[in-house]
Amino acid sequence: MADLQTAVQAAMDDVKLIEQRDGVTRDGVKAIKERLIELASRTDLFTFDRFPQPEKAGSSFMYRVAQDDDDRFALYVQASSGSVATPPHNHTTWAVVVGAAGSELNRFYERADVGVTQVSDFLVEPGSGVAMLPDDLHSIHLDGPSINLHCYGLALERLDEREYYSEKTGEWKIFSAISGIVEARPELLSC
């Protein structure tokens, strides 16, 4: 656990410095992504043994491995059993997703007169990632077991104004704040 705690703390210290230096800009989130790719390359730290995927197919766990006392600069490990997809959504804060094991397809969108228009996609795998500004729209699609690091400028349970587009109703709606996050901060688990 000490190795995980040390590596995560060093990365999150760097993330804070990058945001302070570059701000919440495209270049800033790209620099955060590069630092988190370096962290995710520690394959000894991000394993299915340490972060088990759910037994139920089509679901995932979000393990909280870092979060400031003021709920800023939160880092999660998402362990998925596959067949997971989200609708197009924003985050209302910057967001970075990098691969540790498996793959996650990210589709990117722009708002259209009605709904969204897909403008690109990117497959997040080990050694790669995506970086988003607060209003960027994306969806995720996982078809097999994966482990990804998700880092946000504000903790997931505080993101209660995120919007998503419901293709079923043809409306923009508010995503409920994520709950059920598994506490995995090494400094809290070692007490």
Side-chain angles (χ1 to χ4, degrees), residues 1-16 19 29 32-86 89 91-106 124-132 138-160 162 175-191:
M1 276 295 190
D3 283 350
L4 178 63
Q5 182 175 359
T6 300
V8 165
Q9 186 61 54
M12 294 309 288
D13 287 346
D14 290 344
V15 165
K16 292 172 198 176
E19 189 196 81
V29 295
I32 291 169
K33 175 188 74 174
E34 293 306 317
R35 179 56 178 100
L36 293 175
I37 288 171
E38 180 184 334
L39 175 63
S41 73
R42 291 285 311 270
T43 56
D44 59 313
L45 300 179
F46 302 104
T47 65
F48 287 112
D49 288 337
R50 181 171 274 163
F51 299 102
Q53 63 195 0
E55 291 181 14
K56 179 183 173 189
S59 58
S60 64
F61 289 142
M62 292 297 272
Y63 293 94
R64 181 188 1 257
V65 294
Q67 184 171 311
D68 281 4
D69 291 339
D70 63 357
D71 296 334
R72 297 262 352 264
F73 301 103
L75 179 65
Y76 306 88
V77 175
Q78 180 187 37
S80 172
S81 60
S83 300
V84 174
T86 66
H89 63 278
H91 293 100
T92 68
T93 187
W94 60 261
V96 171
V97 178
V98 300
S103 61
E104 173 185 298
L105 177 63
N106 279 251
V124 172
E125 298 177 300
S128 70
V130 295
M132 295 162 278
H138 84 134
S139 62
I140 62 171
H141 308 270
L142 301 117
D143 289 326
S146 66
I147 294 179
N148 297 303
L149 305 185
H150 289 236
C151 191
Y152 302 95
L154 187 63
L156 284 171
E157 59 269 33
R158 294 275 306 276
L159 300 181
D160 54 10
R162 294 184 312 150
F175 247 144
S176 299
I178 293 176
S179 60
I181 296 166
V182 178
E183 183 59 65
R185 288 180 277 186
E187 68 272 19
L188 297 180
L189 296 177
S190 62
C191 296

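Throughout, numbering of the chain's residues begins at 1 and tracks the sequence. Because the structure is a prediction, the values reported are computed rather than measured.
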How many angstroms lie between atom [atom1] of [X] and atom [atom2] of [Y], to the nearest 0.5 angstrom?
X	Y	atom1	atom2	value
Tyr152	Thr93	OH	OG1	10.0 Å
Leu154	Asp71	CG	CG	6.5 Å
Asn148	Ser103	CG	OG	8.5 Å
Thr86	Arg162	OG1	CZ	8.5 Å
Leu39	Asp14	CG	CG	10.0 Å
Ser128	Ile37	OG	CD1	6.0 Å

Taking side chain to side chain donor-acceptor pair (under 3.5 Å) as the test, write out the residues that go with [X], two or more places apart.
X	answer
Asp13	Gln9
Arg64	Gln67, Glu157, Glu183
Gln78	Ser60, His150
Glu19	Arg72, Trp94

Shortest non-hydrogen contact from [X] toward [Y]:
X	Y	result
Val29	Val96	O-CG2, 3.8 Å
Ala40	Leu149	CB-CD1, 3.7 Å
Ala85	His141	CB-ND1, 3.6 Å
Cys151	Leu75	CB-CD1, 3.8 Å
Gln53	Pro145	OE1-CB, 3.2 Å
Ala100	Pro126	O-CG, 3.5 Å

Any donor and acceptor pair, going by atom type alone, linking the side chain of [X] with main-chain N or O of [Y] inside 3.5 Å?
X	Y	value
Thr47	Asp44	no
Ser81	Ser59	yes
Thr6	Asp3	no

Residue pair Ile147, Phe48: steps toward the side-chain contact (heavy atoms from CB on, under 4.5 Å) verdict | CA-CA 8 Å; Ile147 294 179; Phe48 287 112; 3.4 Å; yes
Pairing residues for Phe51 by the ring pair (Phe, Tyr, Trp, His ring centres under 6.0 Å) criterion, not counting sequence neighbours =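 Phe51: ring pair (Phe, Tyr, Trp, His ring centres under 6.0 Å) contacts with Tyr63.
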For His138, which residues count as a ring pair (Phe, Tyr, Trp, His ring centres under 6.0 Å) partner, sequence neighbours excluded?
->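 Residues passing ring pair (Phe, Tyr, Trp, His ring centres under 6.0 Å) with His138: His89, His91.
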Start with the C-alpha distance between Val97 and Met132, add both sets of side-chain angles, then the distance that settles side-chain contact (heavy atoms from CB on, under 4.5 Å), and finish with yes or no.
-> CA-CA 9 Å; Val97 178; Met132 295 162 278; 4.2 Å; yes
Student check: side-chain heavy atoms of [X] and [Y] closer than 4.5 Å:
X	Y	answer
Leu4	Phe46	yes
Arg50	Leu45	yes
Ile140	Leu105	no

